[in-house]
K.L.:
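One structure is given below, represented as structure tokens, and several questions about it will come after.
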Amino acid sequence: MTPYALVRAFYADIWEAGRLDRIAALMAVDVTFRGSLGPTLRGRDAFAGYVQQVRGALGSYRCEILTLLESQSGAAARMRFSGLHTGAPLLGVQPTGRRVCWEGAAFFDCAGGLIRDLWVLGDLDGLREQLAA
């Protein structure tokens, strides 16, 4: 799978559809993930836990790809993330019932048709402002 196809499937299948079973098809066993909302994680199981945490806090979670650029060994995406803060606490804030939306950028390193490393930078100040409003 090309980096472009990997990124599209990553967001559509894992994040939006919540299909954790797709992690093995899209990510290397020893994948490294640095997410905006947490520490650096290693391995598929750790990443699956992060997905469950975020989706547990944000109902109707969406990941809109605004821009996607591909190279032979990876991709970069400008993203818009959104959801309803109705589940678990997020960034230490109890559920607010509000829709939140923030933008970010994701950098994917791929090899052998799998995501090997992912670094996501998000506008956490903007997200915190929405949670505190």
K.L.:
Which pairs, with at least one residue in residues 35-45 and sequence neighbours excluded, count as a salt bridge (Lys or Arg N to Asp or Glu O under 4.0 Å)?
P.N.:
none
K.L.:
Is the ring pair F108/F10 parallel, tilted or perpendicular, if the boundaries are 30 and 60 degrees?
P.N.:
perpendicular
K.L.:
Would L37 end up clustered with F47 when hydrophobic side chains under 4.5 Å apart are linked, directly or stepwise?
P.N.:
yes
K.L.:
Do you know which two heavy atoms are closest between E64 and E16, and how far apart they sit?
P.N.:
N-OE2, 4.3 Å
K.L.:
Judged by atom type as modelled, is there a donor-acceptor pair below 3.5 Å linking the side chain of S36 to the main-chain atoms of G122?
P.N.:
yes
K.L.:
Could you tell me which residues satisfy side-chain contact (heavy atoms from CB on, under 4.5 Å) with T2, sequence neighbours excluded, listed by chain and number?
P.N.:
Y4, A5, E70
K.L.:
Supply the atom-to-atom distance S60 OG to L84 CG, rounded to the nearest 0.5 angstrom.
P.N.:
5.0 Å
K.L.:
Sort and list the pairs that fulfil salt bridge (Lys or Arg N to Asp or Glu O under 4.0 Å) and have at least one residue in residues 82-105, not counting sequence neighbours.
P.N.:
R78-E103, R80-E103
K.L.:
By the ring pair (Phe, Tyr, Trp, His ring centres under 6.0 Å) test, which pairs, at least two apart or in different chains, include something from residues 55-80?
P.N.:
W15-Y61
K.L.:
Going by the rule side chain to side chain donor-acceptor pair (under 3.5 Å), which residues pair with S73 if we only count those two or more places apart in sequence or in a different chain?
P.N.:
none
K.L.:
In terms of hydrophobic clustering (I, L, V, M, F, W, Y; side-chain heavy atoms under 4.5 Å; direct or indirect links), are V120 and L58 co-clustered?
P.N.:
yes
K.L.:
Looking at A57 and P89, what are the two nearest heavy atoms and their distance?
P.N.:
CB-O, 3.8 Å
K.L.:
To check you understand the geometry: which heavy-atom pair defines the closest contact between G59 and T86, and what is its length?
P.N.:
N-OG1, 4.3 Å
K.L.:
Quick one: name the residues clustered hydrophobically with F107, using the 4.5 Å side-chain heavy-atom rule over I, L, V, M, F, W, Y, and just say none if it's on its own.
P.N.:
W119, L121
K.L.:
So I14 and L26, side-chain contact (heavy atoms from CB on, under 4.5 Å) or not? Walk me through it.
P.N.:
CA-CA 9 Å; I14 297 170; L26 300 173; 3.8 Å; yes
K.L.:
Please enumerate all residues that pass salt bridge (charged side-chain N to carboxylate O under 4.0 Å, His left out) together with E129, with sequence neighbours excluded.
P.N.:
none
K.L.:
Are M27 and L114 co-members of a hydrophobic cluster defined by side-chain heavy atoms under 4.5 Å apart?
P.N.:
no
K.L.:
If you apply the rule side-chain contact (heavy atoms from CB on, under 4.5 Å), what do you find for R8 with L6, and how did you get there?
P.N.:
CA-CA 6 Å; R8 290 234 173 249; L6 279 170; over 6 Å; no
K.L.:
For the atom pair SG (C110) and CD (Q72), what is the distance rounded to the nearest 0.5 Å?
P.N.:
12.0 Å
K.L.:
Do you reckon V51 sits in the same ILVMFWY cluster as L91, going by side-chain contacts under 4.5 Å, direct or chained?
P.N.:
yes
K.L.:
For residues 20-32, which residue pairs qualify under side-chain hydrogen bond (donor to acceptor under 3.5 Å, both in side chains), counting only residues two or more places apart or in two chains?
P.N.:
D13-R22, R19-D21, D30-R116
K.L.:
Kindly give the heavy-atom pair with the smallest separation between H85 and L131, and that separation in Å.
P.N.:
ND1-CD2, 3.3 Å
K.L.:
Hydrophobic clustering (ILVMFWY, side-chain heavy atoms < 4.5 Å, transitive) - are F33 and I65 grouped together?
P.N.:
yes
K.L.:
Step by step, work out the side-chain contact (heavy atoms from CB on, under 4.5 Å) result for Q130 and T96.
P.N.:
CA-CA 10 Å; Q130 293 172 67; T96 62; over 6 Å; no
K.L.:
I'd like to check the side-chain contact (heavy atoms from CB on, under 4.5 Å) partners of D109; sequence neighbours left out, ordered by chain and number.
P.N.:
D117
